[in-house]
Amino acid sequence: MKKIVLMASLAALPLGLAGCDKKTEAPKAEASADAMGDMAMPAEVKHGKGTGTVTAIDPAKGTVALDHGEIAELQWPAMKMGFAAKPEVLKDVKVGDKVQFEIDWDGKAGTVTAIGMEP
Ligand SMILES: [Cu+2]
């Protein structure tokens, strides 16, 4: 009878330790969440408008490439570059179209938020 009780308490020990481990891990998890919060500091998103020619569209990847003119709001010269774009934004344009467009630029990547044929 004593043996059984002893075994039971030994069996309970690892469980108790596991519980302690979880408690000591909790602050670490919070610290990393804070670090991620710092990294996720919202970059300043700039909005720009431009005109250009569509050079490629990849609806599956949700990208569009534009040979665009200057974009004053972003102090960009004319260039060819790719942007992210939702399929519904791209539905009315095709490669070769002369377009006007609006983009959001977060400092690293741009997203076309509106695009359509140049009037
Ligand atoms: Cu550009």
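When a ligand or atom number is given, it counts from 1 through the structure's own listing order. The model shown is predicted, which means the values in this text are computed figures rather than measured ones.
Applying the side-chain contact (heavy atoms from CB on, under 4.5 Å) rule to Met81 yields the partners His68, Trp76, Met79, Phe83, Trp105; only residues at least two apart in sequence or on another chain are considered. Take Asp92 and apply the salt bridge (charged side-chain N to carboxylate O under 4.0 Å, His left out) test, not counting sequence neighbours, and it matches no residue. For Lys80, the salt bridge (charged side-chain N to carboxylate O under 4.0 Å, His left out) test picks out no residue, with sequence neighbours left out.
Among protein atoms, those of element N, O or S found less than 2.8 Å away from the Cu ion (ligand 1) are His68 NE2, Met79 SD, Met81 SD.
Crowding of Gln75 atom CD: a count of heavy atoms from other residues, nucleotides or ligands under 6.0 Å not exceeding 12.
Remark: the backbone N or O of Ala65 is paired with a side-chain donor or acceptor of Thr55 at under 3.5 angstrom.
Using a 4.5 Å cut-off on side-chain heavy atoms (C-beta onward), Ile71 and Ile103 make contact.
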